[in-house]
Undergrad: 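Sharing a structure here in structure tokens format.
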Number of protein chains: 2
Amino acid sequence: MSQHDLKLNDLTCGTCPIRHRAVCARCEADELEQLGAIKYYRSYQAGQPVIWSGDQMEFVASVVTGIATLTQTMEDGRRQMVGLLLPSDFMGRPGRANAAYDVTATTDLVICCFRKKPFEALMASTPHIGQRLLEMTLDELDAAREWMLLLGRKTAREKIASLLAIIARRNASLRLTEDGAARFDLPLTREQMADYLGLTLETVSRQISALKREGVIALEGKRHIMVPDLDRLLAETGDDSDGGMPS
Amino acid sequence: MSQHDLKLNDLTCGTCPIRHRAVCARCEADELEQLGAIKYYRSYQAGQPVIWSGDQMEFVASVVTGIATLTQTMEDGRRQMVGLLLPSDFMGRPGRANAAYDVTATTDLVICCFRKKPFEALMASTPHIGQRLLEMTLDELDAAREWMLLLGRKTAREKIASLLAIIARRNASLRLTEDGAARFDLPLTREQMADYLGLTLETVSRQISALKREGVIALEGKRHIMVPDLDRLLAETGDDSDGGMPS
DNA sequence: CGTTATGTTGAGCTCTCTCAAGCTTGGTGG
DNA sequence: CCACCAAGCTTGAGAGAGCTCAACATAACG
């Protein structure tokens with residue numbers, strides 16, 4: 001624990017791994033200093049809750065390392081993941097007192113918190129923060145809409161392939177070997193994948209087995225995926241083959 | 001047509017029905033004047049396309065009157081609605097050259113367009129616009145996430161009930177009669193409802209018939225809905241009975 | 001009137017869910 | 001060191017919700 005705290009205390013904006021992608025990306029040195037005055041780090045172990053829906057939130061935060069999930073739960077227990085927070089993603093909403101979703105650390109997690117009131121004040125006085133937050137929120141909205149297409153119209157197999165493709169695409173530990181193969185770790189359990197995709201965990205398991213049986217992917221252990229041919233995986237997602245033309 | 005243009009030309013910010021809810025809500029008189037210099041109105045008839053995904057967009061816009069839909073289409077024709085634009089909602093994204101979704105007018109539609117380049121410049125110089133846009137985008141993100149729960153986890157019956165409840169809640173022409181009954185027009189065809197809910201149009205039709213048969217709703221024509229007991233409808237949505245506590 | 005767009009209803013099928021059993025892996029305590 | 005246990009995962013069998021295909025109904029419109 002003391003060792004852990006030590007690591008937290010080593011963090012500074014100067015060495016921060018998300019310095020240029022997070023909500024503070026556009027900030028100048030003086031603005032960063034103002035942010036620094038209201039920030040503090042927190043860490044959570046894999047599996048721990050960060051906040052429950054309805055709880056009062058006294059902070060907003062950026063994910064520094066690790067992965068967290070946003071989930072909604074219905075009265076009878078049905079659950080749907082509505083967000084996946086990766087390093088540099090923002091959690092919480094300025095101007096809102098209570099959390100709207102359950103937030104859970106799915107891996108060990110470090111977040112950079114800003115006390116909400118002073119953060120809101122800073123947003124009003126330094127446009128760079130609000131500008132960046134708008135940009136990030138628009139990106140999230142686009143991601144949510146792509147996800148809606150997945151939830152509403154894709155088959156179980158397409159859903160699995162899409163999720164694997166998303167993780168492969170934005171996983172930092174992804175390594176492309178010489179021949180176009182990719183390897184990565186799944187950061188989610190089968191149940192979490194099911195909550196993400198609007199499926200049951202059994203269907204997730206069966207579809208993964210099917211993709212494995214057909215050679216689209218290979219498993220090394222339960223959580224490590226090897227994709228021999230990324231194009232073949234992408235062909236299973238149901239998405240356009242040409243990923244949209246550059247603007 | 002000339003009569004139509006006449007009506008468009010009558011529009012001014014001073015009499016604009018969405019003046020206090022749209023992206024210009026927070027603007028002062030001088031800011032409004034700057035916006036006014038780069039704005040122009042357009043109108044579309046029900047059913048007409050406003051823009052196709054991938055098209056270059058030379059403007060962003062606010063919906064003034066009428067309803068438009070945002071939809072995504074897969075190669076094989078499967079479609080999913082990802083947004084429903086009501087008066088005051090914003091379309092387009094500053095900083096993006098091409099449209100990401102198909103936009104279609106589902107009723108007669110009037111939008112207030114801002115030329116994109118000057119709008120982006122204005123956003124940089126007048127914080128009020130960006131602030132309001134951030135607020136609206138965060139609201140849309142919340143709506144998208146609630147919609148994800150619907151798409152991923154609700155039954156066909158719950159989906160229909162939820163859609164009716166949403167329309168009932170925010171339809172301006174909603175009238176509550178003395179005894180708690182509500183009446184409103186459906187702005188969508190059965191097929192559009194299906195695209196919204198991730199269902200087929202046949203399933204939509206069947207579920208509406210079922211709700212009618214059981215007295216949860218009554219139809220007056222195909223498009224006019226009467227809800228004798230709103231609470232009964234809400235109970236069918238699967239959502240929390242208490243609509244969340246005020247913060 | 002025919003024509004077209006929209007909506008309803010039926011019959012059968014399929015994909016995904018539910019329920020259930022069993023497997024693997026890692027950790028814990030005797 | 002082994003036995004046990006729990007969490008995560010896989011697989012099977014049967015059921016059911018929603019889809020597909022098809023026929024028909026209704027209404028608006030030329």
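Each chain gets a letter, A, B and so on, in the order the sequences are listed, and its residues count up from 1.
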Undergrad: To the nearest angstrom, how far is B/Leu201 atom CG from D/dG18 atom P?
TA: 15 Å
Undergrad: Does D/dA7 have its OP1 or OP2 closer than 4.0 Å to a side-chain nitrogen or oxygen of A/Thr189?
TA: no
Undergrad: What integer distance in Å separates B/Gln207:CD from C/dT8:C1'?
TA: 13 Å
Undergrad: Give me the one residue out of B/Val110, B/Val64, B/Leu109, B/Ile18 that meets side chain to side chain contact (heavy atoms under 4.5 Å, CB included) with B/Pro87.
TA: B/Ile18
Undergrad: Between the protein and nucleotides 18-22 of chain C, list every N/O to N/O distance that falls short of 3.5 Å.
TA:
residue: C/dT18; atom: O4; partner: A/Arg206; partner atom: NH2; Å: 2.9
residue: C/dC19; atom: N4; partner: A/Glu202; partner atom: OE2; Å: 3.0

Undergrad: Report the distance from atom CZ of A/Arg153 to atom P of C/dC15, rounded to the nearest whole Å.
TA: 17 Å
Undergrad: When you measure from the side chain of B/Ser205 to the backbone of B/Leu201, do you find a donor-acceptor pair of N or O atoms at a distance under 3.5 Å?
TA: no
Undergrad: Over all strands shown, is B/Arg157 touching base, sugar-phosphate only, or nothing at heavy-atom distances under 4.0 angstrom?
TA: nothing
Undergrad: If I take atom CD in residue A/Glu158 and atom P in nucleotide C/dC15, what distance separates them, rounded to the nearest angstrom?
TA: 12 Å
Undergrad: Counting neighbours of CD on A/Glu202 that are heavy atoms of other residues, nucleotides or ligands and sit closer than 6.0 Å, is the number greater than 12?
TA: yes
Undergrad: Nearest to the side chain of B/Leu199, which nucleotide is it out of D/dC9, C/dG7, D/dC19?
TA: D/dC19
Undergrad: Which ones in residues 211-219 of chain A lie close to DNA chain C, meaning a heavy atom under 4.0 Å from one of its atoms?
TA: none
Undergrad: Say whether, by atom type as modelled, one donor and one acceptor occur between the side chain of A/Thr237 and the main chain of A/Asp239 under 3.5 angstrom.
TA: yes
Undergrad: Tell me whether the rings of B/Tyr40 and B/Phe59 are parallel (<30°), tilted (30 to 60°) or perpendicular (>60°).
TA: perpendicular
Undergrad: Tell me, for nucleotides 23-28 of chain D in 5' to 3' order, what letter each nucleotide earns: B for a base near a protein heavy atom under 4.0 Å, S for only sugar-phosphate near one, - for neither?
TA: ------
Undergrad: Is it the case that the side chain of B/Asp108 and the backbone of B/Ala46 share a donor-acceptor pair, with hydrogens and angles ignored and the cut-off at 3.5 Å?
TA: yes
Undergrad: When you measure from the side chain of B/Thr73 to the backbone N and O of B/Arg79, does any donor-acceptor pair fall under 3.5 Å?
TA: no
Undergrad: Working to the nearest 0.5 Å, report the span between CG of B/Asp195 and CD of B/Gln72.
TA: 12.0 Å
Undergrad: State whether A/Glu140 and B/Arg145 are salt-bridged, where the test is any N-O pair (Lys NZ or Arg NE/NH1/NH2 against Asp/Glu carboxylate O) under 4.0 Å.
TA: yes
Undergrad: Under the 3.5 angstrom rule, does the side chain of A/Arg153 hit a backbone N or O of B/Leu199 as a donor-acceptor pair?
TA: yes
Undergrad: Any ion pair linking A/Arg42 and A/Glu58 (charged N to carboxylate O, less than 4.0 Å)?
TA: yes
